[in-house]
Amino acid sequence: MSPERPRYAFLGPEGTFTEAALRRVADEEGSEFVPAASVISALAAVRAGEVDRAMVPIENSVEGGVSATLDDIALGDELQILAEVLVPISFVLVGRSGVTGLGDVRRITTHPHAWAQVRGWAEATLPAAEFTPASSTAAGARLLLEGAAFDAAVCAPLVAEQTGLPVLAERVEDVTGAVTRFVLVSRPGSLPAPTGSDKTTLTVPLPNDHPGALREILDQFATRGVNLSRIESRPTGTGLGQYFFSIDLEGHLAEERVGAALAALHRIFPGVRFLGSYPRAEHRAAVVAPHTSDEAYRAGREWVEGLRGR
Ligand SMILES: O=C(O)C(=O)C[C@]1(C(=O)O)C=C[C@@H](O)C=C1
């Protein structure tokens, strides 16, 4: 990483939730923020060495996984997750100039993930309004400044302050207390040190000629006392029935039970991809059963080595 002024790509422009996530881990004084037009271009900028790191959304508590991120980090050239950040999500509806109330709103734009979190409100309040996707919430709002293609946009309250666009409705999200999880990504390098409250992210391609493959994946974690915090399947894009699993587990690669589960997984599914071990945002320590602790693993190994050395 450039030592003096690290460069961070993020899904822009200014005012996205992704920028809010980035501000939690980096300050603009000592680093350079580089807005990207999409998650894919933010990650491409890391791979090309144009930036040191990228902040991208990966999961929302209401809408689920962000497929652009999950697919790109699983299938593109290898990257590494260094940190995760949780951002509470609340939306406002802003109008273009000349729109004075909800009665004037016919065409709305925003990011599809944001639309998915407000569509109940929109159905109930503006049933005739037409939705057009934007590349981000802030990009959608900024389109209102440029012309009359849209009447309103769904965005973060901060964007209304930054742009001066009038707020037509506040707290338009269908679920109060929604959270989006973001990850800070770099090219593969050294791992953040274990903190006692860590997560590890993996992808496992699922062979479709291997009966019980999912069960075998889960068994490797269950028998070693490794808790999973997310598992979802995504198509590889190569044909119907071709899937990979994207998995987050509680623990760090440096921990014996995690290393043992990964080694076993690799024996069965050599295409497994390690995407990093990093501190958990909630700082909640993993519950480790005594027989799966590092001490228990070491004691077991020493016992076997002793027997072999007789
Ligand atoms: O458009 C933004 O502001 C983003 O940062 C993207 C994004 C997402 O991809 O989920 C982030 C948080 C919200 O859930 C809605 C949109």
Side-chain angles (χ1 to χ4, degrees), residues 8-26 28 33-46 51 53-74 81 83-94 108-122 131-146 150 152-163 165 167 169-185 201 230 232 234 246 248 281:
Y8 293 91
F10 68 99
L11 173 65
E14 186 190 2
T16 58
F17 290 98
T18 312
E19 190 199 19
L22 179 56
R23 287 189 183 281
R24 302 264 184 107
V25 296
E28 214 174 348
F33 285 13
V34 182
S38 68
V39 160
I40 307 285
S41 50
L43 295 172
V46 179
V51 295
R53 296 171 175 187
M55 183 65 82
V56 289
I58 191 164
E59 177 186 9
N60 172 265
S61 59
V62 176
E63 187 49 16
V66 177
S67 36
T69 302
L70 292 172
D71 295 352
D72 193 272
I73 61 175
I81 300 175
E84 64 169 7
V85 177
L86 305 181
V87 176
I89 303 294
S90 179
F91 298 107
V92 294
L93 185 77
V94 292
I108 303 181
T109 185
T110 192
H111 189 277
H113 243 245
W115 184 248
Q117 294 174 70
V118 304
R119 67 185 152 218
W121 176 86
F131 160 65
T132 306
S135 59
S136 72
T137 54
R142 280 168 203 281
L143 287 175
L144 305 184
L145 299 168
E146 289 165 16
F150 304 104
V154 174
C155 60
L158 178 66
V159 177
E161 286 169 34
Q162 289 170 342
T163 58
L165 288 165
V167 175
E170 286 180 301
R171 298 198 154 277
V172 297
E173 61 274 10
D174 295 330
V175 178
T176 309
V179 175
T180 296
R181 176 173 165 240
F182 296 83
V183 285
L184 185 67
V185 170
T201 300
R230 183 183 60 85
E232 57 194 293
R234 289 285 313 150
S246 174
D248 291 336

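Since the model is a prediction, treat every value here as computed from it, not as a measurement. Read the numbers this way: they start at 1 and go in the same order the structure lists the ligands and their atoms.
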Inset, instruction - Determine, step by step, whether Glu232 and Arg234 satisfy the salt bridge (Lys or Arg N to Asp or Glu O under 4.0 Å) criterion, reporting the C-alpha distance in whole Å, the side-chain angles of both residues, the deciding distance to 0.1 Å, and the verdict. - result: CA-CA 7 Å; Glu232 57 194 293; Arg234 289 285 313 150; over 6 Å; no
Legend entry - side-chain contact (heavy atoms from CB on, under 4.5 Å) against Pro133, all qualifying residues, sequence neighbours excluded: Pro112, Phe131
Inset, instruction - Verify the distance criterion only: is there a donor paired with an acceptor across the side chains of Ser246 and Arg230 at less than 3.5 Å? - result: yes
Inset, instruction - Name all residues meeting the side chain to side chain donor-acceptor pair (under 3.5 Å) criterion together with Thr201; count only those two or more places apart in sequence or in a different chain, and write none if there are none. - result: Asp248, Tyr278
Does ligand 1 have any N/O pairs with the protein under 3.5 Å, and how far apart?
from, atom 1, to, atom 2, distance (Å)
ligand 1, 1 (O), Thr137, N, 2.7
ligand 1, 1 (O), Thr137, OG1, 3.3
ligand 1, 3 (O), Phe17, N, 3.0
ligand 1, 3 (O), Thr137, OG1, 2.5
ligand 1, 5 (O), Phe17, N, 3.4
ligand 1, 5 (O), Thr18, N, 3.0
ligand 1, 5 (O), Thr18, OG1, 2.5
ligand 1, 10 (O), His113, ND1, 3.2
ligand 1, 14 (O), Gln117, NE2, 2.9
ligand 1, 14 (O), Thr180, OG1, 3.0

Inset, instruction - Would you check if Trp121 and Leu93 make a side-chain contact, meaning some heavy-atom pair closer than 4.5 Å? - result: yes
Inset, instruction - Could you list the residues that satisfy side-chain contact (heavy atoms from CB on, under 4.5 Å) with Leu86, not counting sequence neighbours? - result: Val179, Arg181, Ala281, Glu282
